[in-house]
Amino acid sequence: MTNSALDYFTYIPVHGAPEAAAVVFAALAVILVVQSINTMAARWVYILVGTAIAESLGYVFRAICIDHASLGLFICMNLFLLLPPNALALFNYKAIGEVVRKSGIRSHRFWLRPRFIVWFYFASDIFSFLLQSTGASMTAQEDTADTGKWICIGGLAIQLAFLTSFSGIIIAVMRNPLYTVDKSPRDEDSRSAKRRVMMIMVVTTALLYVRSVYRLIEFIDGYGGKIYSAEWAFWGCF
């Protein structure tokens, strides 16, 4: 028996949108590579390149699934679209950790120490990643779908909890003038450099939070629910 997209999505996804998204993320990956090389960026900055490539592949798998749906393709699509935000969150953790480290401030608050910020949130990100990847692969099979759903919910809930606590660290670093950022040629001074970096941290963390809330509600609503069955909701949060 040949599977159709309707068996996995509960609707037939539109063509055009996933192909366009794949091209956009692939182009973004190329831009990030060029910019990272030109600026001699640290190796951890290439996390962003990997995130863009993974998102592009996820949309490629989605496009293929429309006409040639299979369990393997659907699992790959879910993994490549569900997990990259974890890598983006890891980038934010590392970026804030670097701001704190380079500022040279020895805080008495353990949660403002660079080693804690990087490794504590790195561990939480990996744990959340493992839960979500395990759950996502299980949801594609009928006999393990319900268990996989709750594993994904647990992973997303953990991610939301740590994003919430990390937001407090962003605010603390942003409000303390002793934490500084080296200015680039495009910045007037270190204050404007810090303002730009912290704005990026705030916006991306907020978007990650919104996306995680959407995915959490989607899994709670369940396969075939109103959110899962609405393609506009998928594109609205991706």
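FYI, side chains are in, hydrogens and waters are out, and symmetry mates aren't considered; it's all heavy atoms of this structure.
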### Query
How many angstroms lie between CD1 in Ile220 and SG in Cys152, if you round to the nearest 0.5 Å?
11.5 Å
### Phe9 ring center within less than 6.0 Å of Phe74 ring center
yes
### Query
What pairs with Ile31 under side chain to side chain contact (heavy atoms under 4.5 Å, CB included), at least two apart in sequence or on another chain?
none
#### Entry: Results of side-chain hydrogen bond (donor to acceptor under 3.5 Å, both in side chains) for Tyr11 - residues two or more places apart only
Arg62
### Task
Output every pair passing side chain to side chain donor-acceptor pair (under 3.5 Å) with a member in residues 20-42, not counting sequence neighbours, ordered by first then second residue.
none
### Summary
Taken in chain and number order and not counting sequence neighbours, the residues that satisfy salt bridge (Lys or Arg N to Asp or Glu O under 4.0 Å) with Lys194 are none
### Query
How far does CD1 of Ile153 sit from CZ of Arg215, to the nearest 0.5 angstrom?
11.0 Å
### Message
Restricting to non-hydrogen atoms, name the atom on Asp125 and the atom on Ala87 that form the minimum distance, rounded to 0.1 Å.
### Response
OD2-N, 4.2 Å
## Note on the structure
Scanning both residues in full, the closest heavy-atom pair of Ala52 with Leu32 reads CB-CD1, 4.5 Å
### Query
In the single-linkage hydrophobic clustering (I, L, V, M, F, W, Y; side-chain heavy atoms under 4.5 Å), do Ile200 and Tyr46 co-cluster?
yes
### Task
Apply side-chain contact (heavy atoms from CB on, under 4.5 Å) to Leu112 and Tyr179, showing your working.
CA-CA 11 Å; Leu112 281 175; Tyr179 293 111; 3.8 Å; yes
### Summary
Heavy-atom closest pair (Ala172 atom, Trp111 atom, distance to 0.1 Å) is CB-CZ3, 4.1 Å
Enumerate, atom names and distances included, each donor-acceptor pair closer than 3.5 Å involving a side-chain atom of residues 13-20, sequence neighbours excluded.
from	atom 1	to	atom 2	distance (Å)
His15	ND1	Glu19	OE2	2.8
His15	NE2	Asp67	OD2	2.7
Glu19	OE1	Gly16	N	2.7

### Query
Tyr209: what forms a side chain to side chain contact (heavy atoms under 4.5 Å, CB included) with it, not counting sequence neighbours?
Leu160, Leu163, Thr164, Val213
### Query
Listed by chain and number, what are the side chain to side chain contact (heavy atoms under 4.5 Å, CB included) partners of Val33, not counting sequence neighbours?
Ile37, Val49
### Query
What about the rings of Phe120 and Phe162, do their centers lie closer together than 6.0 Å?
yes
### Summary
The salt bridge (Lys or Arg N to Asp or Glu O under 4.0 Å) partners of Arg195 (sequence neighbours excluded) come to none
### Counterpart residues, side chain to side chain contact (heavy atoms under 4.5 Å, CB included), relative to Ile170 (two or more places apart)
Ile96, Phe166, Met198, Met201, Val202, Thr205
### Summary
For Leu207, the other hydrophobic cluster members (4.5 Å side-chain criterion, sorted by chain and number) are Met199, Val203
### Task
List the atom of Ser103, the atom of Leu178, and the distance in Å for their closest heavy-atom pair.
CB-O, 3.9 Å
### Task
State which residues pass side-chain hydrogen bond (donor to acceptor under 3.5 Å, both in side chains) with Ser167; sequence neighbours excluded, sorted by chain then number.
none
### Message
If the condition is side-chain hydrogen bond (donor to acceptor under 3.5 Å, both in side chains), which residues does Ser212 pass it with, not counting sequence neighbours?
### Response
Gln159
### Summary
In short, Leu81 meets Pro85 closest at the heavy-atom pair O-CD, 3.9 Å
## Note on the structure
Output for pair (Ser128 OG, Ile158 CD1), nearest 0.5 Å, gives 6.5 Å
### Stepwise side-chain contact (heavy atoms from CB on, under 4.5 Å) check, Phe122 with Leu90
CA-CA 6 Å; Phe122 173 78; Leu90 177 59; 3.3 Å; yes
### Message
Keeping Ser124 on the side-chain end and Tyr121 on the backbone end, is there a donor-acceptor pair under 3.5 Å?
### Response
yes
### Task
Look up atom CZ in Phe219 and atom CD1 in Ile151, then write down how far apart they are to the nearest 0.5 Å.
11.0 Å
### Query
Do the side chain of Ser133 and the main chain of Leu130 share a donor and acceptor less than 3.5 angstrom apart?
yes
### Query
Has the side chain of Ser70 got a donor or acceptor atom that lies under 3.5 Å from a matching backbone atom of Leu73?
yes
### Query
Quick one: are the ring centres of Trp44 and Phe91 less than 6.0 Å apart?
yes
### Message
Within this structure, what is the CD1-CD distance for the pair Ile117 and Glu98, rounded to the nearest 0.5 Å?
### Response
10.5 Å
### Query
Roughly how far, to the nearest 0.5 Å, is the OG1 atom of Thr51 from the CD1 atom of Ile47?
7.0 Å
### Query
Can you find a heavy atom in the side chain of Leu156 that is under 4.5 Å from one in the side chain of Gln132?
yes
